[in-house]
Amino acid sequence: MRALLELVERHRAGEAVGITSVCSAHPLVLRAALQHARATDGSVLIEATSNQVNQDGGYTGLKPAAFRDVVWRLADEVGLARERVLLGGDHLGPNVWQTQPAPAALERAGILVADYVSAGFRKIHLDCSMSLGEDPRALSDEVIAERSAALAALAEDAWRKAGGEPPVYVIGTEVPTPGGAQEALGELAVTEPQAALATLAAHRAAFSRRGLDAAWERVIALVVQPGVEFDQESIVEYDPAKAQRLSSALTGQPHLVFEAHSTDYQPPAALAALVRDHFAILKVGPALTFALREAVWALDRIESEWLGAENSSHVRETILAAMRSDSTHWRKYYHGSGRTLELQLEYSLSDRIRYSWPVPAVTKALAHLEASFEAGTPPLSLLRQYLPAEYAAVSRGELATRAQSLVVHHIRQVLAEYSRACDPKADALTTKRGMTS
């Protein structure tokens, strides 16, 4: 992970540079991210979360090595060298096993971390912030740090056995809920500088007690709350003034940056301000699958108007029916009823719809949709009506009217906003080459 160490070094030397962390397992989102990296001549950071990918398969059904192979296969297909693909593990710890007693949950977490590192993941977010079994509701920095250090020791052992570059680590106790807030948002409290420094001190001491001083030199980032979040239908935008004291807390930590979670849906100016203020790792996930859904909905509508309902795939109806029949992935998040619930299922910013794309009936409907666009070209006036950015690219001769190409292009509009925030030079290269490279 020399690339990440160098990025942190450049940032702390005064360059307003950062990196986008793509947190998604959807193949079209991954393809979009890999194509974007190829177009910008840069690297791409792709992270799997502990509930997506783990030793039991997670909700994707993939173990770490299998997820790696999916990403590498897609990189080969788009012509991106594998060494430019940086793999990370997000929220690695006992999150999946919170209901188990601490010893059992932490044992499972240790296997998880070791499996990720053995499979070649080299950016490791150690997250032991949650209570387990009989734990008190709130854990102290010291307990969290001790558990994180224990996992770091296992990660170091796995790396020595596997070889290759040593892992880099991200730590932090103020970790936002993966996938967005579950409750309605009020005003968010920005992490207090003294709390951030106390977290660092506790982790440094815990690493030292375990003889992990060399590993501590590879701790590159701290997860804090900069005052950004989203829930089902609202977004808390970044306010630089409120985060000024927190940003200044890194003055005495020249080898660290902050990692900002839940940056989805932040406006471009806010993303750029986050990077400027040392939140140099910007994590995004639901905003990318939200863009995926936007594009598929548009294609579904184009297909229906173009070919008639009797010849259409009905992807939109199919995936919503799948969600209604299985509430596993949304019932803890969506609490409305009637039309309110229908709108949440379809348009929530937390995008719980992303869990239903692998349902067999949905994949069959998507295959039908793709076949429709392979077999013919829809009227460009329909494309202009429902996907104006993609229509413009098609009109310039930069984009084919294949369903997959149109969806990937739409997702890349979001990635381009992150490019502009993290590296304006890379974004200028994308503009010069177009969005189809």
Side-chain angles (χ1 to χ4, degrees), residues 1-9 19 21 43 45-50 53-56 63-68 82-83 85-97 102-130 132 139 141-173 175 199-223 253-257 259 281:
M1 278 294 174
R2 184 63 202 167
L4 287 178
L5 291 168
E6 290 174 354
L7 177 81
V8 172
E9 184 177 346
I19 191 167
S21 169
S43 297
L45 172 58
I46 294 173
E47 300 206 48
T49 63
S50 56
V53 175
N54 56 48
Q55 62 264 43
D56 302 319
K63 297 180 181 181
F67 181 82
R68 173 205 62 201
R82 291 182 178 184
E83 57 265 26
V85 180
L86 312 178
L87 292 175
D90 196 25
H91 295 284
L92 298 192
N95 181 55
V96 179
W97 306 283
L106 291 168
E107 182 179 2
R108 300 296 300 276
I111 296 169
L112 171 75
V113 169
D115 281 1
Y116 266 77
V117 173
S118 297
F121 292 72
R122 287 296 182 268
K123 177 183 176 292
I124 304 299
H125 171 211
L126 300 171
D127 181 7
C128 293
S129 60
M130 64 292 301
L132 309 172
L139 301 179
D141 271 350
E142 287 69 28
V143 169
I144 295 170
E146 184 57 39
R147 291 175 176 179
S148 296
L151 295 183
L154 295 173
E156 291 289 288
D157 288 343
W159 158 59
R160 292 189 187 96
K161 292 175 183 176
E165 285 189 295
V168 299
Y169 297 100
V170 175
I171 59 172
T173 58
V175 183
T199 295
L200 279 174
H203 280 75
R204 183 184 288 111
F207 272 58
S208 182
R209 284 193 295 271
R210 288 183 174 271
L212 297 173
D213 297 298
W216 181 257
E217 295 300 315
R218 288 181 264 113
V219 173
I220 61 169
L222 175 68
V223 178
Q253 309 292 333
H255 304 297
L256 285 175
V257 295
E259 178 169 280
I281 303 173

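FYI, side chains are in, hydrogens and waters are out, and symmetry mates aren't considered; it's all heavy atoms of this structure.
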- Do Val96 and Asn54 have side chains that get closer than 4.5 Å, going by heavy atoms? yes
- Salt bridge between Glu156 and Arg218, side-chain N to carboxylate O under 4.0 Å? yes
- Query: For Ile281, does its backbone N or O pair with a side-chain atom of Ser21 as donor and acceptor, under 3.5 Å?
  - Reply: no
- Query: Do Glu9 and Arg2 meet the salt-bridge criterion of a basic N to acidic O distance under 4.0 Å?
  - Reply: yes
- Note on the structure: Residues Gly93 and Leu151: closest non-hydrogen pair is CA-CD1, 3.9 Å
- Item | Glu259 bridged to Lys123 by N-O distance under 4.0 Å | yes
- Message: Distance check, rounded to the nearest 0.5 Å: Ile124 atom CD1 versus Asp90 atom CG?
- Response: 10.0 Å
- Task: Mind listing the closest non-hydrogen atom pair of Gln55 and Pro64 along with its distance?
- Result: N-CD, 4.5 Å
- With a 4.5 Å limit on heavy-atom distance, are the side chains of Val223 and Val170 in contact? yes
- Item | CA sep, side-chain torsions, deciding dist, call: Ser118, Lys161, side chain to side chain contact (heavy atoms under 4.5 Å, CB included) | CA-CA 8 Å; Ser118 297; Lys161 292 175 183 176; over 6 Å; no
- Over all heavy atoms of both residues, which pair between Cys128 and Ile144 is shortest? Give the atoms and the distance, please. O-CG1, 3.5 Å
- Message: Restricting to non-hydrogen atoms, name the atom on Ala155 and the atom on Val113 that form the minimum distance, rounded to 0.1 Å.
- Response: CB-CG1, 3.6 Å
- Note on the structure: OG of Ser208 to NE2 of His203, rounded to nearest 0.5 Å, is 14.0 Å
- Query: What pair of heavy atoms forms the shortest contact from Thr199 to Gly172, and how long is it?
  - Reply: CG2-CA, 4.2 Å
- Query: Can you check side chain to side chain contact (heavy atoms under 4.5 Å, CB included) on Leu112 and Ser50, steps first, answer last?
  - Reply: CA-CA 8 Å; Leu112 171 75; Ser50 56; 3.8 Å; yes
- Query: Mind checking whether Ser129 and Leu139 have side chains closer than 4.5 Å, heavy atoms only?
  - Reply: no
- Message: Any side-chain to backbone donor/acceptor pair from His91 onto Asp127? Under 3.5 Å, distance only.
- Response: no
- Does a side-chain heavy-atom distance below 4.5 Å link Val219 with Leu256? yes
- For residues Leu222 and Leu200, determine if any side-chain heavy atom of one lies less than 4.5 Å from a side-chain heavy atom of the other. yes
- Note on the structure: One should read off an interatomic distance between Glu146 CD and Arg209 CZ, to the nearest 0.5 angstrom, of 5.0 Å
- Message: Under a 3.5 Å cutoff, is there a donor and acceptor pairing between the side chains of Glu217 and Tyr169?
- Response: no
- Query: Would you say Arg147 and Leu106 make side-chain contact, with heavy atoms under 4.5 Å?
  - Reply: yes
- Closest heavy-atom pair and its distance - Gly88, Phe121: O-CD2, 3.3 Å
- Message: Once rounded to the nearest 0.5 Å, what's the spacing between atom NE2 of His255 and atom CH2 of Trp216?
- Response: 12.0 Å
- Is any side-chain N of the basic residue among Arg108 and Asp56 closer than 4.0 Å to the acidic one's carboxylate O? yes
- Message: Using the rule given for side chain to side chain contact (heavy atoms under 4.5 Å, CB included), can you reason through Leu5 versus Ile220, listing the C-alpha separation, both sets of side-chain angles and the distance that settles it, and then say yes or no?
- Response: CA-CA 7 Å; Leu5 291 168; Ile220 61 169; 3.6 Å; yes
- Query: Are the side chain of Tyr116 and the backbone N or O of Leu92 linked by a donor-acceptor pair below 3.5 Å?
  - Reply: no
- Hey, is CD on Glu107 packed in by over 12 heavy atoms from elsewhere, all under 6.0 Å? no
- Task: For the residue pair Leu86 and Ile19, establish whether any side-chain heavy-atom pair is separated by less than 4.5 Å.
- Result: yes
- Report the C-alpha separation of Trp159 and Arg122 in whole Å, then their side-chain angles, then the decisive distance to 0.1 Å, and conclude whether the side chain to side chain contact (heavy atoms under 4.5 Å, CB included) test is met. CA-CA 9 Å; Trp159 158 59; Arg122 287 296 182 268; 4.0 Å; yes
